[in-house]
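One structure is given below, encoded as structure tokens.
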Amino acid sequence: MRSAPLGFFDSGVGGLTVVRAAQELLPHEDIVYLGDTARVPYGSKSPETIRQFATEDVQWLLAQGVKAIVIACNTATAHALPHLRETFRVPIIGVIESGVEATLADKDTERVGIIATRGTIRSHAYQHALALKRTGLIIHEQAAPLLVPLVEENWLDHPATLAVLHTYLDPMVEKGIDALLLACTHYPLLIPTLRGILPSDIRLIDSATTCAEHLKSELTRLDLLHPPEQGGQLQIHLTDLSEQFETLAKRFLARSPGKIRRASL
Ligand code: DGL
């Protein structure tokens, strides 16, 4: 089982930010990535639809013989993680628990801002998970639906993106947040821009990095780490293939994605 691949899925190619972070920490793991590009975005869909899509994504990955699954999508984690854990026996890791732990790692954090898709914000999954772990936190949530298309357009520091970021974030900054949770696969690409516009004492928590750290500790705990001598292959499968997705995949992964295959769910 240890030599079997890990399965990652996301609504599209944004989850490759999580793959990239995982590959840095776990270079020997083979990864099968499924991006549901035919049905992206999940962030604007209803909870029922997201659960149905996520269930189909997991079924497809299980058919590839994966040893564990990473939901490399905040919206799918927010709406489908409990359902998937009840339905399937394979270990399933989402992006929320680790993001919450990383936020609370700093004992002095009292005021947390969360930005995410509409679906993630509506679920209040981060807010609930944070409140369960620490009482007395002040949490400000903000749906930021315009950021995914702006990142996909590569408008990372375009004046339009700066204006949108200020509109979403200035009210939170005025309320005095100490940490900002970037609760969406696409937002790590905005970190340099965010550093330029936010006060330097606001901690940025990137769920891709923290999820990779959590994955490593879970694989260690379950004795599922890949033997060190081989491995490290990445296979990307998308439910819709287009030149645009290939270009985006390269950007999210920060290197060539290799041959991308078409998946039929
Ligand atoms: N992957 C989604 C997330 O992390 C963003 C894109 C979408 O809305 O499907 O929430």
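In listed order, ligands and their atoms are each counted from 1. Throughout, residue positions are numbered sequentially from 1 according to the sequence presented.
Short contacts between ligand 1 and D10, defined as distances under 4.0 Å to a heavy atom of the residue, involve ligand atoms 1 (N). Near G43, meaning under 4.0 Å from any of its heavy atoms, are these atoms of ligand 1: 7 (C), 8 (O), 9 (O). Close contacts between ligand 1 and S11 involve ligand atoms 1 (N), 2 (C), 6 (C), 7 (C), 9 (O) [criterion: under 4.0 Å to a heavy atom]. Annotation for ligand 1: atoms under 4.0 Å from non-hydrogen atoms of P41 are 7 (C), 8 (O), 9 (O). Every atom of ligand 1 is numbered from 1 in the order shown, and the set under 4.0 Å from a heavy atom of T117 is 5 (C), 8 (O), 10 (O).
In summary, the side chains of T209 and D206 do present a donor paired with an acceptor at a separation below 3.5 Å, with no hydrogens or angles considered.
Minimum interatomic distance between A179 and I205 (heavy atoms only, all atoms of both residues): CB-CD1, 3.8 Å.
Distance alone, capped at 3.5 Å, is enough to place a donor-acceptor pair between the T193 side chain and the L156 backbone.
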Legend entry - Audit row: D178, R203, salt bridge (charged side-chain N to carboxylate O under 4.0 Å, His left out) steps and yes/no: CA-CA 6 Å; D178 333 288; R203 213 159 42 95; over 6 Å; no

Legend entry - Working for side-chain contact (heavy atoms from CB on, under 4.5 Å), residues I114 and L180: CA-CA 6 Å; I114 304 169; L180 178 66; over 6 Å; no

Legend entry - Verdict with supporting geometry, E153 and R251, salt bridge (charged side-chain N to carboxylate O under 4.0 Å, His left out): CA-CA 11 Å; E153 222 31 63; R251 205 177 313 136; over 6 Å; no

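Nearest non-hydrogen protein atom to atom 10 (O) of ligand 1 is T75 OG1, 2.6 Å.
At a 4.0 Å cut-off, at least one heavy atom of C184 sits close enough to ligand 1 to count as contact.
Proximity of N74 to ligand 1, defined as any heavy-atom pair under 4.0 Å, is shared by backbone and side chain alike.
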